[in-house]
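The structure appears right after this line, and notes come after that.
Treat the numbers as computed from the prediction; the structure is a model and nothing was measured. Throughout, numbering of the chain's residues begins at 1 and tracks the sequence.
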Amino acid sequence: MSKISQMIEYLQADNQWHTSEEIAVYLGVTSRTVKNYIKKLDSSIKVISSKKGYKIEQADIQSDEEEEIHFNRVNTVINTLINSDDRVNIYDLSEKLSLSESVVINLLKEARLKVVNYDLKLEREGDFWKITGSERNKRRMLSSLLYEESAQGLLSISVLETIFPNVDVAQIYSLIKQASTKFDVYLTTFDINNILLHLLIAIQREKVVSIQKKRGKAVTFSEYIVTNTENIANLFFDETDYEELVEIIRLSISRKEIPENIGDEVYRIINDLVGYIKNIYDVNLDVERFRKQFSLHLSRLIERVRKNEKVYNPMVKSIKNESPTIYECAVLVAHRIGELCNLEINEDETAFIALHIGNILAAQIENAEKIKVAILMAEYRDNSQIFLQKLQEKFGDTIVITNVIHDIKDIDFQNTDMIITVGENFSNLGITTVTISPFLLSRDISKLTDAINYKKSELKRKSFQRLLTKFIPQSNFSYSDKVEQRKSFFQFVTKEFEKHEIVTGDFEQDLEQRENISSTAFGRVALPHSLKMDAKKSEGYIYVNPKGIKWGQDITVYLVITLAISMDDKKIFREIFDVLSNIITNPANISKLIENKTYEEFVSCLLKMIV
């Protein structure tokens, strides 16, 4: 996708004012380049400008062909070639796309690089082109393309019905749900979508339609789905297709039973992971629901990786950017599994792990962030239980009621963040106090919501400020454009830490090891760190490069916050990482942060962003 198209999408995603500096950070270009992009926009795209920045009004997006080939056209080329029974003439392709032959040649070059990832080849014979490889890999690629083209990587039933108009999508979807109940199989939403998409692609690509043959009795969950899909679609898969679909579904389900041959191994790994994550990340995964569901997932994961069965997870980017703390915990889990099983766990599999640990970790983080509230109400109120029940129903996710008291002198100020007084107006208690009616009316709910949100931000800001100023001293701040490459930066920061006896010489290799698992870059910021948490003492280092550091292929970052953590401070890592990652995933915040040339200005700006 061209930079101009990316800019338009960014402006459309949030219909607010965006400065040229903010857009520049998001795109990885200069502010002057952004202004040039604005000038190049098609007249049909209306962008208004003011002192506040730029704002887009029109929803339609048209890519700029002169800037870069839009990825949808590459996908169209790949789709055309895969779905063709024979070779495709470049002139026919050019006519279909209404593009010149030279432009189509460039599209084909980009397509060639893309199909390699699916063990396919794009071959040329004079003016004719074709994609060669196994049918299974072709279907895998078609599945991937559909996820790419779908908004946010999500494929709803309505979207699939549009893509496959001649197939009863809803009936096959219902079949999968019904089969999961019949065979007592646990399916996540993504499991269902993955199975459904494979079936739809197989139906679309089936060449011969026949209902003359009859299958034997379906014994397994996978056989049941494929056989009944044939009945719904009024066709008969050939034996190879049938067996491949059965195998794909078998690898795409969370069985209730763990296969005996790897059951003991999975049991040992789960026990190790629970202890490892508790020790490293201070998170408790020793929850029955997690053990049960993740055991099922882990058995499949090990089987897939050992057989080199690749899965595509379109949610990698969104999970990483929207839930950085959860994704980071998943990286630790993936790394540990890899160590224990001598396997390489890729980003797609890591994102699936994140889905499993997400609910457990999110609940623990939310509980830790709940506001401790004391209720001060008159003893004579006979509806106190009804009131407390209502309060718990409305605000149970954000507050913990630590005490219900009837006299001011009974307040435990050490264990209270806020006091809610009911029907009695108290002031100057030396602590945040909100007075509401005993009926919990809509205005009371609104008043409490504002007060709780403000208090949460205040507590988080104060706690983070204490941690930050202790964790990252003024001497560990640099504003410079001297370091331009990731490798050079790792060498630089390791020397800085060694100078103050924070880490050993292995730290540089540890940073690279973590980076090789999954990039620590979030947009235009990176948070590099070691997986080992074996620093001599805990410190961080802030490095701002207004011209950017080349962090990886097509990745430029402007801000790097390196974390060196000792085992004694493992909780600090999670707290700092959580707050920082939530801030830096917003490009508007980054554009403001990298303007600060001193430590004091940077910290002050950072603290204002905590919400």
Side-chain angles (χ1 to χ4, degrees), residues 1 6 9-10 13-14 25-28 71 117 144 147-148 150-155 188-190 193-194 277 280-281 283 285 294 297 301 310-338 344-362 364-365 486 511-531 549-563 573-590 609:
M1 184 183 293
Q6 290 178 43
E9 283 193 351
Y10 182 66
D14 181 10
V25 167
Y26 176 74
L27 296 176
F71 81 97
N117 295 324
S144 172
Y147 275 122
E148 279 186 23
S150 177
Q152 299 177 346
L154 301 176
L155 288 166
T188 66
T189 301
F190 191 81
N193 287 344
N194 191 44
I277 296 300
I280 295 289
Y281 215 60
V283 168
L285 294 179
F294 192 65
H297 177 80
L301 185 156
K310 296 178 182 178
V311 293
Y312 173 69
N313 189 339
M315 302 170 71
V316 173
K317 188 175 179 181
S318 62
I319 292 173
K320 185 176 181 180
N321 290 338
E322 295 170 17
S323 308
T325 303
I326 291 170
Y327 185 80
E328 185 59 31
C329 188
V331 167
L332 282 173
V333 171
H335 172 69
R336 187 60 175 172
I337 294 169
E344 273 194 34
I345 312 298
N346 61 29
E347 281 194 330
D348 293 286
E349 294 286 8
T350 300
F352 280 124
I353 292 171
L355 293 175
H356 279 269
I357 67 175
N359 292 334
I360 305 296
L361 183 56
Q364 292 182 33
I365 291 174
R486 187 183 79 197
L511 293 177
E512 281 291 356
Q513 180 195 36
R514 168 61 187 85
E515 205 67 35
N516 290 334
I517 296 172
S518 178
S519 176
T520 59
F522 297 86
R524 301 303 172 182
V525 183
L527 291 177
H529 55 277
S530 166
L531 290 170
I549 299 173
K550 186 169 177 55
W551 202 254
Q553 188 176 1
D554 301 325
I555 301 176
T556 299
V557 299
Y558 299 94
L559 168 62
V560 185
I561 304 177
T562 308
L563 310 176
F573 169 77
R574 201 183 80 201
E575 291 176 0
I576 287 184
F577 187 90
D578 189 36
V579 176
L580 284 177
S581 58
N582 284 333
I583 291 172
I584 64 178
T585 50
N586 184 340
N589 288 341
I590 305 311
M609 294 173 177

Verify side chain to side chain contact (heavy atoms under 4.5 Å, CB included) between Ile561 and Ile576, making sure each step is shown before the conclusion.
-> CA-CA 11 Å; Ile561 304 177; Ile576 287 184; over 6 Å; no

Close side-chain approach of Leu559 to Val525, heavy-atom, < 4.5 Å | yes

Of all the heavy-atom pairs spanning Gly28 and Arg524, show the shortest one and how long it is.
-> N-NH2, 3.3 Å

Side-chain contact, heavy-atom cut-off 4.5 Å: Val333 with Ile277?
-> yes

Leu332 side, atom CG; Arg514 side, atom CZ - distance, nearest 0.5 Å | 7.5 Å

Check Leu511 against Pro528 and note the closest heavy-atom contact, atom names and distance.
-> CD2-C, 4.0 Å

Shortest non-hydrogen pair, Ala334 vs Thr350, comes out as CB-OG1, 3.6 Å

Any side-chain heavy-atom pair of Ile517 and Ile345 under 4.5 Å = no

Check the side chains of Tyr327 and Ser581 for a donor-acceptor pair under 3.5 angstrom, ignoring hydrogens and angles.
-> no

Glu512 with Arg486: basic N within carboxylate O range, under 4.0 Å | yes

Hey, what do you get for SG (Cys329) to CG (Leu361), rounding to the nearest 0.5 Å?
-> 5.5 Å

Phe294 vs Leu285, side chain to side chain contact (heavy atoms under 4.5 Å, CB included): CA-CA, chis, key distance, verdict = CA-CA 10 Å; Phe294 192 65; Leu285 294 179; over 6 Å; no

How far apart are the closest heavy atoms of Val25 and Pro587, and which atoms are they?
-> CG1-O, 4.4 Å

Audit row: Ile584, Leu527, side chain to side chain contact (heavy atoms under 4.5 Å, CB included) steps and yes/no = CA-CA 10 Å; Ile584 64 178; Leu527 291 177; 3.7 Å; yes

For the atom pair OH (Tyr281) and CZ (Arg574), what is the distance rounded to the nearest 0.5 Å?
-> 7.0 Å

Quick one: does Asn582's side chain get under 4.5 Å of Val579's, heavy atoms only?
-> no

Nearest 0.5 Å please: distance from the CD1 atom of Ile583 over to the CE atom of Met609.
-> 7.0 Å

Answer yes or no: are there more than 12 heavy-atom neighbours, outside Gln513 itself, under 6.0 Å from its atom CD?
-> yes

Could you label the plane-to-plane angle of the Phe352 and His297 rings as parallel, tilted or perpendicular, counting under 30° as parallel and over 60° as perpendicular?
-> tilted

With under 30° as parallel and over 60° as perpendicular, where do the rings of Phe577 and Phe522 fit, or are they tilted in between?
-> perpendicular

Interatomic distance, Trp551 atom CH2 to Thr556 atom OG1 [nearest 0.5 angstrom] = 11.5 Å

Gap between atom NE2 of His335 and atom CD1 of Ile280 - 0.5 Å precision = 9.0 Å

Do NZ/NE/NH1/NH2 and the carboxylate oxygens of Lys320 and Glu328 come within less than 4.0 Å?
-> no

Of the non-hydrogen atoms in Ile555 and Gly523, which two are nearest, and what is the gap between them?
-> CG2-O, 4.5 Å

Dump the intermediate steps for side chain to side chain contact (heavy atoms under 4.5 Å, CB included) on His529 and Thr520, then the final yes or no.
-> CA-CA 8 Å; His529 55 277; Thr520 59; 4.2 Å; yes

